[in-house]
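Right, one structure below, let's go through it.
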There are 2 protein chains.
Amino acid sequence: MKDTKHLGKRRRIIDGLEKVRGKARYTADLSLAGMLHARPVLSPYPHAHIRAIDTAAALALPGVVAVLTGQDLNAGRTAHSRPSMLLAQDEVRFAGQPVAVVVAATEAQAADAAAVLDIDYEVLDSVDDAEQAMTDTQLVWPQGVPQADSSLAGLHGGEASVQGDETRSNIDERRVFERGDVESALAAAHIVIERTYTNARVHQSYLEPHAVVAQPGVRPGQVTVYTSTQGQYAVRSEVAGALGLRTGDVRIEPMTVGGGFGAKYGIVDALVTAVALHVDRPVRMVLSRSEDMLTTMPAPSTSIRVRLGADEHGQIVGLDVQAVIENGLFRFGHAGIIATVVGGMYRCDHVRIETLEVLTHRPPVGAYRAPGVPQALFALESSVDELAHTLGHDPLELRLQNAVQGGDSTGTGRPWPDIGLKACLERAREHPLWQSRGTVPHEGVGLAVGGWPGGFSPAGAVCRVDTDGTVRLHVGSVDISGVHSSMVLIVAETLGIDPEAVEIVQGTTDSGPYAPASGGSQVTISLSGAVLGASQQVREQLLDLAASHFEAHREDIELSEGQARVRGVAGQSVNLGELAQRGQRLPGGPGPVVAEGRAAIKGGAPGFTAQLMRVRVDPDTGHVTPLDAVCIQDVGYALNPLLVEGQMHGGAAQGLSMGLYEGMHFEGGTLTNPNFLEYVFPTSSDLPPIDAVIVERPSEHGPFGARIVGEPPITAGAAAIANAIRAAAGVRVTQLPATAEHVWQLMQQRDQQAGHPPGRTEAPHPS
Amino acid sequence: MKDTKHLGKRRRIIDGLEKVRGKARYTADLSLAGMLHARPVLSPYPHAHIRAIDTAAALALPGVVAVLTGQDLNAGRTAHSRPSMLLAQDEVRFAGQPVAVVVAATEAQAADAAAVLDIDYEVLDSVDDAEQAMTDTQLVWPQGVPQADSSLAGLHGGEASVQGDETRSNIDERRVFERGDVESALAAAHIVIERTYTNARVHQSYLEPHAVVAQPGVRPGQVTVYTSTQGQYAVRSEVAGALGLRTGDVRIEPMTVGGGFGAKYGIVDALVTAVALHVDRPVRMVLSRSEDMLTTMPAPSTSIRVRLGADEHGQIVGLDVQAVIENGLFRFGHAGIIATVVGGMYRCDHVRIETLEVLTHRPPVGAYRAPGVPQALFALESSVDELAHTLGHDPLELRLQNAVQGGDSTGTGRPWPDIGLKACLERAREHPLWQSRGTVPHEGVGLAVGGWPGGFSPAGAVCRVDTDGTVRLHVGSVDISGVHSSMVLIVAETLGIDPEAVEIVQGTTDSGPYAPASGGSQVTISLSGAVLGASQQVREQLLDLAASHFEAHREDIELSEGQARVRGVAGQSVNLGELAQRGQRLPGGPGPVVAEGRAAIKGGAPGFTAQLMRVRVDPDTGHVTPLDAVCIQDVGYALNPLLVEGQMHGGAAQGLSMGLYEGMHFEGGTLTNPNFLEYVFPTSSDLPPIDAVIVERPSEHGPFGARIVGEPPITAGAAAIANAIRAAAGVRVTQLPATAEHVWQLMQQRDQQAGHPPGRTEAPHPS
């Protein structure tokens, strides 16, 4: 992309102004005529029998319109996923599960009534964690797991084939992804590094809790749902599926999203819709922070055992991974994603990845930016780092030596297209932070790599020119992370106009155009082709109109700065608005200037990253202070570098935060820190400087050479933190978050067992 | 159109259910977060100086946010039309003109504060009616009329060239449309009928008063306007023009319309928008019935003198018309429309039509279904009827003898395309009501003809197939009078699906697609080509997808009943939803099934009507009872006969009502009956049976041969009523409405002056 005027240039985000001026309308700001307010009542127990629900006291309070239970709403339907769950009936299966909904005229009246609702529970034994789930005889689903729906996982581009099936147990699915003969390879290896890595559940921690307004339509079963979502078509499927409605009867209007990160695909939307249809009134439900943390779908805790074998030259010869994924009540399907990435970072002929999807009486897990990959790469990249330390090799050079490139195999056996993992590592090698590592006591620089295959789906877009010259781009995508701020650049570039003259029109499920969800890193890459196609057709129409206006040859027309001119003829121009007017107003004329582009790209454009973290580890307390972060990422072509850097900053920050701070704490099966006081993540003042380094190795498939951007930056941060701690303090972090207590204990062990580090292999002290 | 499955078949209106279930959301139902309520304060005087406005008492009331006057809002801008008027400043120029707006937290608080607002008026002399305006020396605009905007009149397809210009007077414009030598022709005529006909102002009397919600946008000057309108693009131009905003910054969301009839093009929209931008909050204003009747734009009163000359065979040889149109404060521009029709109903080489557009201190007039034509045809068709009576000719045969056909001249000199006036008259001749006329004492059957040239503008439409098989048609037109109920039939016919599977998506000014306003009888005819084009492209896409699905030749695929099949291969089918899914989901696949059609038809498709009315005239009181109505109309091709008949019923009823009931009464310049108790129109139980007889003479330009439908049926009813009274009682009604008092007086004159009827010519007693 040479000689562009707008593409590839830093340009501010288009929805910034409305957000800083407080003008953005979130779902919670919506007030419809006759609207009622709903409050969910959540189970405090992970597993219990509902003996009785006495609604009399709640119903007697002023303003209360209805108190609804599973009997009122479920209509005999069985939930098979978190989004399809309405209300618990007879039995609750996780602490935080909605048991009833109170509907009242005001928010406060609903809350008051919810507080006095009398539910009689008989508390039952619960399956609280993965270890118990795999050893206990108690089953989470004694009658078998309700049929699962994989539609959400499908959004995240996982590719896998089920290879095993278990007899009835809490292991819902066991899969083995295997190539070569890993046992022989490890047996013959010069060195094998083996360790098990665990991590806590983490929550997506968007600032805006889930919020939904559902408004019944004209005909029975018709409904409009206003919701904070990343993808209106996905929510539509969930709501229609859960309630047995016709897809076309469910109209989703996506509202401004106050943070998504994989979690905004309609978790309580079916419930709120069912309530609205039941009371036949518009109903709003806005979750409180603690309700949101208790009842939504966080990232799973995992326990991942890695055996990594190499020859004496540092060449990786065998990789054996067993990943236990604690899913809560329903399997979400992280296995394929984990296997694809973990088995696809380094060239190796002998790989086995076994995944165990385990069910417990905890809230079902869901997608969180690159689902499962930060956890899995924490395990893999810690192992690789340990391998380098053990062999006395440079961790960067060892990675470069083994890193995959185009044509090498992913973890599920398909070949990667052209990728930039090595390019990122080469850029990391030159970075001052890497060059200056190891010079300050108690400080260390850690390196880890990451990546994400990314999805790609067909999409459409409509481009129109209005009579005042405004160009409107109608899209069905949801604008999170600045997607639309890049699309306006494509239009501006194609039509020779200022990006400010391009307005985005947000489509709903009925006004379209179709676009995939803004998740799985696919939306920009899927949408840009359609936007380009629509703009190019509009350009052709404008050229035709200008040619007839000037009575000139079409080939002699040029479009620039919002004007059409005859090339080489000075002083005469017509603006795009006048051309649109010509098309639109002339009886018998060509008609409005408008075109719809459809695009479907042919293959993926995966994005890889190399990240560096510099930390200081307090030798007395184990407290880790992050000092510097570097996120190097191959984005193929940065449509708008400012926004690409924003993605890299945010992802790196979340990775770092998973490494050092975040963890959902459970006692028994119950979450004990469902709030932002006790669930800790860094504020901007806690974060170190983050250097975002863009690498541009064009993809053959992505428009303009662009690659996926959103997910890669979160994948390597936690591992890089762990490796930095290793570099600073000589200890190998094996659980996340790497709290001061954990690091201190590791340092204690290190000092007690000097010369005998944990695991089968030798590990040197920090350099 | 042979062998259609859906087109041309009677099918119920698609928005019927939402309306009868009370689910339609009108503008007054809209409640936005933080919304305030505005009440206008209207001048009680037609002409006054505003000495002072004391806002203190109003501002002191609870909930009052602002009391705004012209000084706050007008910003020095001069209004040149009713829609561009904000608030009176210094001087009020009609009774009903908004002088201030009170903004409060609730509707009731705003009303309370409006009631105590203290405005000190100095009452001035006013120009109260057309006669005074033309004779008095007082000028309505002593400094000259502010520059007029003809955009609204343009919507109604008037074609005229200004031929005269006056020195400063209250006659804002005088035009003469002339062909041949009318004075010589009349002088040489065998007979000349001369009379002057007058009519009262009438109001469009939609059930839903004007209602607007304006919501300021993110950037200064950006605003969204929710409004009851017939055309969002027209309102956008009005609001942007009046407030000096960028057109693209004004987003209009057209709401469900509770009756339009030409009046819903944004009369108070600029005012409400200015208020919302001033207080920087969403603001709703819903006019009360009396406010609505006082401050909006009714149809003008006119005084039309006709001189009609014929030879002894009944051949019309000369027509001289002078029409005085009482416009109120601003000229609306009825002249061209009146001239086109009045001078274009009968073949005649010598025609002069002079129009005088007169200004008074009354509310500015506006469009009411076929603006000016019912009034003008009351004059013309009464004259033609009188000519037949005088000559002793059959009124129907005389009309047939003289009626225009394709190629004959309109009143402004252009030729008519092919038209069906004669076909309607021939059908009337056969009608039992005509056949049985004249058999009952004190009863009579009157005949009159009418017509409307109709507009045509380019339009766009988008058609999409959703994954559940729902087909969505995205249009920028507003659904009044069942427009969209016909569009779904075009889609259903093209794609081989049930019309129930087609959903309409209502576009806004930013989501498009562009369509002309639902007025001037043009929207169906303009839109259907675009809808057909979009559907046909979607059909092609579906055929491609089905061919690849079945691995069959594209030509062998057939689409019917929502399924695609290979012709001649039984048992295999795929539904449209599956095909859409194939297009939408397949990576690298063709993408979503969607297409936008653009259409711009090449010429008009005028619609003509012949109407019969049977009345009984009480010989003692003059009271007229309508007994039967017949509306015969050439619609070219009835896309949906049920809805075409609905238009015919409604138009005939309004014409009848103008003839017998409706009239706005002024004392001085002030309206004295601004309510539905004193402004009388018939309820459904007052109406006689209306027989709607569809004639289908296909138009060469209209899609499927269809002609314009909306306006013709209102044009002839009042004249037919007058002619029925002539047939029943032998008296010639010369003013509308034909009240019992007027008819009784005519009968008194008839009896007193037996043998000496008014006018230059002989008129026989009734047969």
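Throughout, a chain's letter reflects where its sequence line sits, starting with A, and its residues are numbered from 1. This is a predicted model, so every value here is computed, not measured.
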* Structure fact -> So OG1 of Thr467(B) and OH of Tyr514(A): to nearest 0.5 Å the spacing works out to 8.0 Å
* To the nearest 0.5 Å, what is the distance between OG (Ser511(A)) and CD (Gln506(B))? -> 11.5 Å
Which one, [options], leads in non-hydrogen pairs under 4.5 Å with chain A?
| options | answer |
| --- | --- |
| Asp29(B), Leu30(B), Thr508(B), Leu17(B) | Leu17(B) |
| Gly248(B), Pro516(B), Ala240(B) | Gly248(B) |
| Pro592(B), Gly591(B), Ala33(B), Gly34(B) | Pro592(B) |

Heavy-atom distances under 4.5 Å only: say whether [X] touches chain A with side chain, backbone, both or neither.
| X | answer |
| --- | --- |
| Asp510(B) | both |
| Ala459(B) | backbone |
| Gln537(B) | neither |

Are the side chains of [X] and [Y] in touch, meaning some heavy atoms are under 4.5 Å apart?
| X | Y | answer |
| --- | --- | --- |
| Glu18(A) | Gln222(B) | no |
| Leu32(B) | Arg25(A) | yes |
| Pro458(B) | Pro590(A) | no |
| Thr470(A) | Arg246(B) | yes |
| Arg464(B) | Pro513(A) | yes |
| Arg472(B) | Thr509(A) | no |

* Going by an N to O cut-off under 4.0 Å, is there a salt bridge joining Arg251(A) and Glu503(B)? -> no
* Please determine if Lys23(B) and Asp280(A) form a salt bridge, counting it only when a charged side-chain N lies under 4.0 Å from a carboxylate O. => yes
* **Pick from Arg236(A), His701(A), Lys19(A), Met35(A) with the largest number of heavy-atom pairs that fall under 4.5 Å of chain B** => Arg236(A)
* **Interface moiety of Glu596(A) toward chain B, non-hydrogen atoms closer than 4.5 Å** => side chain
